[in-house]
Every structure is written in structure tokens, then in C-alpha cells.
Amino acid sequence: MKLLNYIKGKFEEPESAEWMDNLSPSTGKVIGSVPLSGESDVKLAIAAAREALPEWSGMDPSGRAEWLDRIADCLEEKFEEIAYLESLDTGKPISLARSVDATRSVSNFRFFSKMIRDMEDEIYEMEDATNIVKLRAVGVGALITPWNLPLYLLSWKVAPAIGMGNTVVCKPSELTPLTADLLMRVIDEVGLPSGVVNLVHGNGNSGSMLTGSPDVDLVSFTGGTSTGAKVAQSASPQFKKLSLELGGKNASIVFSDCDLEETVKGVTRAAFLNQGQVCLCGSRILVEDSIYDRFMEMFVESVESMVIGDPMDDDTELGALISKQHLQKVQGYVSLALEEGGQIVTGGEPCLPKELEGGNWMSPTVITGLGTETRCSTEEVFGPFVTVHRFNSEHEAIEIANNTRYGLAGSIWTMDLEKGRRVAENIHSGMVWVNTWLHRDLRVPFGGVKDSGVGREGGKWSLGFFSEPLNVCVRHD
Ligand code: NAD
């Protein structure tokens with residue numbers, strides 16, 4: 001599969017004439033090639049977006065909402081293709097690509113279409129004047145996404161961005177370009193006005209050309225914390241609107257009064273969904289001392305029963321890691337855990353059929369015995385790797401949960417809902433679930449504090465980020 005950029009309504013070879021291989025995570029084999037876009041490709045895409053801006057931003061919001069519905073319909077027709085390409089490109093189980101990636105990509109467009117249709121100007125009356133507050137497009141947006149949830153996150157940005165009247169240039173992860181290409185094919189098929197959505201493939205350099213361009217007005221970035229810092233450095237001097245959704249090291253807090261069976265299921269899912277490669281994954285499990293032994297017995301049994309193997313197999317629960325380099329990073333943390341005084345309770349090399357031997361495989365790994373200050377217990381690993389710790393009081397659980405530079409999410413497991421809410425309100429993060437995890441309502445704010453990011457997206461927060469409010473005050477006395 002040789003992919004092309006999508007600029008001004010046309011699929012184009014990169015002017016840079018440079019290409020990168022796209023590798024299958026599950027076999028290590030080359031599955032296609034991707035443009036490595038250079039300065040002139042990025043400039044052409046930005047120019048196309050700028051040219052399309054006046055007409056698109058001038059359109060009635062309900063007209064733009066209709067376009068979002070057309071895209072959603074066309075994506076829905078390609079539901080199985082999305083799931084197949086996402087599983088092929090990321091190494092995730094096809095069942096997960098169906099239930100999470102394909103489903104959410106369609107619903108992101110439908111959800112924002114409805115929000116934009118329902119949007120109204122705000123009116124504030126004074127004795128002698130009327131204020132009208134109107135949301136207007138910001139301009140040209142750069143939308144940069146990571147490899148773990150490729151189309152899920154790209155559609156989460158494209159839908160509200162163009163719905164609010166902006167035009168955009170997308171830069172998906174170089175490791176997972178396939179469904180971004182599918183979205184461009186959909187946009188082409190429905191006949192969206194050319195230049196409203198453009199896409200350049202490429203690596204971090206291509207991304208930084210976008211974020212640093214004086215012709216880009218807004219940057220929505222999802223990715224690692226250290227990359228986020230670079231993005232902020234290049235975008236801030238030009239006062240661009242900036243949203244950063246970054247890493248996490250989220251705690252799952254298990255109290256002795258939890259429903260143990262449900263909790264073990266929930267905590268296992270939170271730890272290892274998508275091979276632990278979700279920014280929200282509960283990679284630190286804090287367990288109240290009085291149930292620690294019973295919890296561990298049930299948790300390890302649950303982890304060891306997970307089916308690891310061919311991502312295309314319907315029964316597979318754990319697929320491959322994204323790249324060799326990432327696998328080495330995660331395995332490096334296993335060695336570090338031993339150096340830091342931890343013990344491996346379960347984990348090691350998975351047993352796989354011969355055709356998958358070239359892939360990036362690692363079985364789910366559980367580490368105990370580490371101090372809560374250690375690197376393994378505080379740094380984002382972003383793989384099938386969790387540490388488990390004991391606690392003795394609500395206060396101690398909160399202290400451990402907050403003891404990291406990240407502040408994205410967390411989950412609390414208890415039958416005492418009052419306690420659940422009380423503890424949740426003391427966790428320094430953007431989102432906390434009680435007796436559930438990754439339970440998403442698209443209307444609520446999504447994002448983190450501390451090193452997990454700046455700003456929120458989701459519902460009215462997305463509409464706010466992808467727009468500029470204008471206040472018109474008319475005196476009438
Ligand atoms: P990454 O930071 O390496 O890359 C993300 C994107 O940024 C890619 O498209 C990449 O090409 C691009 N990029 C790299 N350097 C750049 C630069 N200097 N300027 C502009 N763009 C640049 O992240 P990744 O490895 O693809 O993804 C994993 C990370 O993403 C994890 O840390 C994870 O926690 C985070 N993540 C966060 C959320 C969230 O909503 N908070 C969601 C998913 C993933």
C-alpha cells in the first residue's frame with residue numbers, strides 16, 4: 001500500500017520525493033510506504049487550507065453539520081474496513097478495533113454534527129444594551145495525532161474543527177497512517193469542498209514544520225509529554241491557540257469494600273486494554289492492605305487468562321506492541337523494575353505461532369514490591385506493564401495516586417459511593433471514574449493537569465477550543 005498526501009482535494013506524491021516504510025507490528029513485515037513530507041508539502045497543504053477558509057467559515061453551521069453527517073454515513077459504510085486497517089496498522093485485536101476505534105470514529109462525526117446544529121448565540125441583556133456572543137472560526141488548524149487510537153483521535157479533532165468553520169491540515173503518526181488515508185478517501189468520496197481538510201504524512205519534523213508555521217492559527221496535539229513541550233515551544237511565540245493532550249500514569253485504587261469480582265475485571269481491562277497503550281490506562285494499582293493477597297490471587301489469574309495472539313483473530317484479547325523500539329523501551333522498564341527491587345509476578349515471552357515471530361510481542365507483566373517513588377512506579381511506560389502497591393488508609397491512597405508528574409485520569413473501586421466521590425475529588429487529574437473505567441460521555445471535558453496536558457476537549461469544550469468568541473454589544477436606549 002503506497003499512501004499519498006491529500007492536498008486541495010487531490011491525492012499527491014510528496015514533493016520531497018521521500019518515503020518511509022510502514023511495518024506491521026504483529027509480523028514486522030513491510031505493509032506499505034508513507035510519504036515523508038518536507039517543507040514544500042507542508043506549505044502547499046497550509047496554503048490550500050487558507051484558500052478554502054473564507055467560504056467554509058462563512059457557511060451556516062447547519063450546512064457544515066450536514067457535511068459531518070455525510071462523512072459519518074460514509075465511514076459507517078466502511079466500518080469493517082476501518083477495523084481491519086486499524087488492526088493491521090496498530091497490532092491491536094480486531095474485536096477492539098471494531099468496538100472502540102471504528103465505532104467511535106463514526107460517533108465522533110455524528111456527535112459534533114448534533115452539537116453544531118444545536119449551537120445558539122448567547123444573549124446577555126443590559127438595561128440599555130444587548131450583548132450577543134457568537135462563536136467564530138479560529139482559522140487554519142494543525143491536527144497532530146499519535147499511533148495508539150489513530151482514527152478515533154483524528155476524528156475527535158477533525159469533526160469539531162471543521163464543524164466550527166476552521167480548515168485543517170492533519171498530520172497522523174508515521175507509524176499508523178492507514179485509517180487517516182481512509183478518512184481522506186471518505187472526504188474525497190463525499191465531495192467535501194477542496195482544501196477544507198488536507199493531510200500530510202510524515203514524522204516529527206513534518207509535524208514541527210506545521211506547528212511552527214506562521215500561517216497556522218491553532219494547534220491540537222495528542223501525543224507524548226516531551227513532544228508536547230516541543231510543540232508548545234514552537235507554537236507559543238506566535239500566540240496560536242493550543243491544546244495538548246499528553247501522557248499519563250494513572251492509578252486504579254482498590255478499596256477493601258469493593259465488589260472484588262467486578263473490580264478484578266475492571267482493573268485488568270484498565271491495565272491492559274490495547275496492550276496498555278492507552279493514555280488513560282491504570283498502570284499503577286493501589287490495593288488496600290486487608291484484601292491485597294486475595295486481590296492478587298484473582299488479578300494474576302485474570303491477567304494470565306488473557307488470550308494473546310494474531311490481532312485478526314476474533315478471540316484475541318492482547319495484540320502486538322506498536323514497534324520494535326517501543327517494545328525495547330517497555331522491556332527496559334522490566335529490567336529497571338528488577339534493579340529497583342521489584343519482583344515479576346507474571347510476564348515474560350509469549351508463546352506464538354511461527355508467522356508472528358517477527359512481531360513486537362510481550363505478555364502482560366505485573367510487578368510488585370516496588371517503592372511508590374521509584375521510576376517504574378512514577379514514569380509513563382505505555383505498555384503491558386503494571387506495578388501493584390499496598391495502602392492502609394484513604395489518605396495514603398490519595399497521596400500515592402498524586403505522587404507523579406502526570407495528572408490525566410484514575411479509577412476508584414469501592415461499594416461506598418460517598419467515599420468514592422470524596423477520594424475522586426482529591427485526585428489531581430482531569431478525569432476520575434468510580435467503579436468503572438473508560439466510561440465515556442462525549443459531552444464531558446477530556447484532558448489532564450500537570451504534565452498530562454493543557455486545555456480540555458470534548459462537548460462544549462471542543463466547540464470552545466476550535467472557535468473564538470466575538471462579543472457584539474448594541475446600545476438601544
Ligand atoms: P509522539 O509524541 O511521539 O507523537 C505524536 C505525534 O506527534 C506523531 O504524529 C508524531 O509524528 C508527531 N511529532 C513528533 N515530534 C513532533 C514535533 N517536534 N512537532 C510536532 N509533531 C511532532 O507520541 P506517540 O508515541 O505517537 O503516542 C504515545 C503518547 O501519546 C503517549 O505518551 C500517550 O500517553 C499519549 N497520548 C495521550 C492521549 C491523551 O488524550 N492525553 C491520547 C493518546 C495518546
Side-chain angles (χ1 to χ4, degrees), residues 20 22 25 34-37 42 89-90 92 100-101 104 108 142-157 169-177 179-180 199-213 216 219-236 240 242-250 273-283 321-323 325-327 329-330 379-383 404-410 429-431 438 440 444-458 461-462 465:
M20 299 173 285
N22 183 17
V34 197
L36 174 50
S37 300
V42 171
D89 219 8
T90 62
K92 72 177 67 188
V100 172
D101 301 74
R104 252 301 281 285
N108 282 340
L143 312 180
I144 302 181
T145 45
W147 46 259
N148 63 333
L149 293 160
L151 190 57
Y152 174 117
L153 289 171
L154 187 60
S155 53
W156 180 241
K157 297 182 191 299
V169 180
C170 311
K171 212 300 284 167
S173 169
E174 59 275 37
L175 301 176
T176 54
T179 50
L199 180 139
V200 286
H201 290 285
N203 59 13
N205 285 338
S206 324
S208 69
M209 290 168 199
L210 252 184
T211 59
S213 163
V216 164
V219 176
S220 173
F221 171 84
T222 301
T225 294
S226 56
T227 317
K230 289 185 202 154
V231 169
Q233 241 169 13
S234 89
S236 303
K240 293 178 204 255
L242 184 62
S243 164
L244 299 172
E245 302 284 358
L246 309 175
K249 182 76 173 179
N250 315 294
L273 191 86
N274 206 30
Q275 299 75 251
Q277 303 168 128
V278 178
C279 53
L280 307 166
C281 272
S283 52
L321 271 64
I322 189 66
S323 65
Q325 200 190 9
H326 189 56
L327 175 65
K329 177 190 148 182
V330 180
E379 294 178 8
E380 184 185 48
V381 177
F382 213 59
T404 123
R405 52 196 272 255
Y406 296 105
L408 190 58
S429 71
M431 296 157 279
L438 195 52
R440 292 277 293 123
V444 305
F446 183 97
V449 300
K450 302 196 278 185
D451 285 11
S452 290
V454 177
R456 295 289 187 281
E457 292 185 19
W461 287 268
S462 288
F465 172 67

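Numbering of ligands and ligand atoms starts at 1, following listing order.
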Atom 37 (C) of ligand 1 sits nearest the protein heavy atom Leu246 O, 3.1 Å
Query - Sub-4.0 Å heavy-atom contact, Gly448 with ligand 1 - result: no
So the atoms of ligand 1 within less than 4.0 Å of a heavy atom of Lys171 turn out to be 8 (C), 9 (O), 10 (C), 11 (O)
For atom 3 (O) of ligand 1, the closest protein heavy atom turns out to be Thr227 OG1, 3.8 Å
Candidates Gly204, Gly247, Ser173; heavy atom nearest atom 13 (N) of ligand 1 found on Gly204
Here the side chain to side chain donor-acceptor pair (under 3.5 Å) pairs for residues 221-235, sequence neighbours left out, are Lys157-Thr222, Thr211-Ser234
Closest to atom 32 (O) of ligand 1 among protein heavy atoms sits Glu380 OE1, 2.7 Å
Next on the checklist: Heavy-atom contact check, 4.0 Å cutoff: does Asn203 meet ligand 1?
Outcome noted: yes
If you scan protein heavy atoms around atom 38 (C) of ligand 1, the nearest is Cys279 SG, 3.1 Å
Review point. Do any N/O atoms on Thr211 end up under 3.5 angstrom from N/O atoms on ligand 1?
Key: no
Residue, atom and distance of the protein heavy atom nearest atom 9 (O) of ligand 1 read Thr145 O, 2.8 Å
Inset, instruction - Compare all side-chain heavy atoms of Ser283 with those of Lys249 and state whether any distance is below 4.5 angstrom. - result: yes
Minimal heavy-atom distance between Arg456 and Gly448, with the atoms involved, is NH1-O, 3.1 Å
query = Has ligand 1 got any nitrogen or oxygen that is less than 3.5 angstrom from a nitrogen or oxygen of Val231?
reply = no
Hits for side chain to side chain contact (heavy atoms under 4.5 Å, CB included) against Ala409, two or more places apart or cross-chain, chain-then-number order -> Asn250, Leu280, Met431, Trp433
Ranked by distance from atom 40 (O) of ligand 1, the top protein heavy atom is Phe446 CE2, 3.2 Å
Out of Thr225, Ile144, Asn205, Thr222, the nearest non-hydrogen contact to atom 12 (C) of ligand 1 is supplied by Ile144
So for Pro172 against ligand 1, with non-hydrogen atoms under 4.0 Å, the contacting part is backbone
Check: of Gly248, Gly207, Gly223, min heavy-atom distance to atom 21 (N) of ligand 1 comes from Gly207
- Could you tell me whether some N/O pair between Trp147 and ligand 1 is separated by less than 3.5 angstrom? yes
Closest to atom 23 (O) of ligand 1 among protein heavy atoms sits Gly224 N, 3.3 Å
Quiz item: Backbone or side chain, does any N or O of Lys230 fall under 3.5 Å from an N or O of ligand 1?
Solution: no
- Message: Is there a polar contact between ligand 1 and Glu174, counting only N or O atoms under 3.5 Å apart?
- Response: yes
heavy-atom search around atom 28 (C) of ligand 1 in the protein gives Phe382 CE2, 3.7 Å
Would a line drawn from the ring center of Phe465 to the ring center of Trp156 be shorter than 6.0 Å?
no
Inset, instruction - Using atom types as modelled and distance alone, determine if a side-chain donor or acceptor of Asp101 lies under 3.5 Å from a backbone N or O of Leu151. - result: no
Taking only non-hydrogen atoms of Asn148 and a 4.0 Å limit, the atoms of ligand 1 in range are 43 (C), 44 (C)
Could you tell me whether ligand 1 has any atom less than 4.0 Å away from a heavy atom of Gly453? no
Measuring only between side-chain heavy atoms, which start at C-beta, is Leu36 closer than 4.5 Å to Asn203?
yes
Any Leu280 heavy atom less than 4.0 Å to ligand 1
no
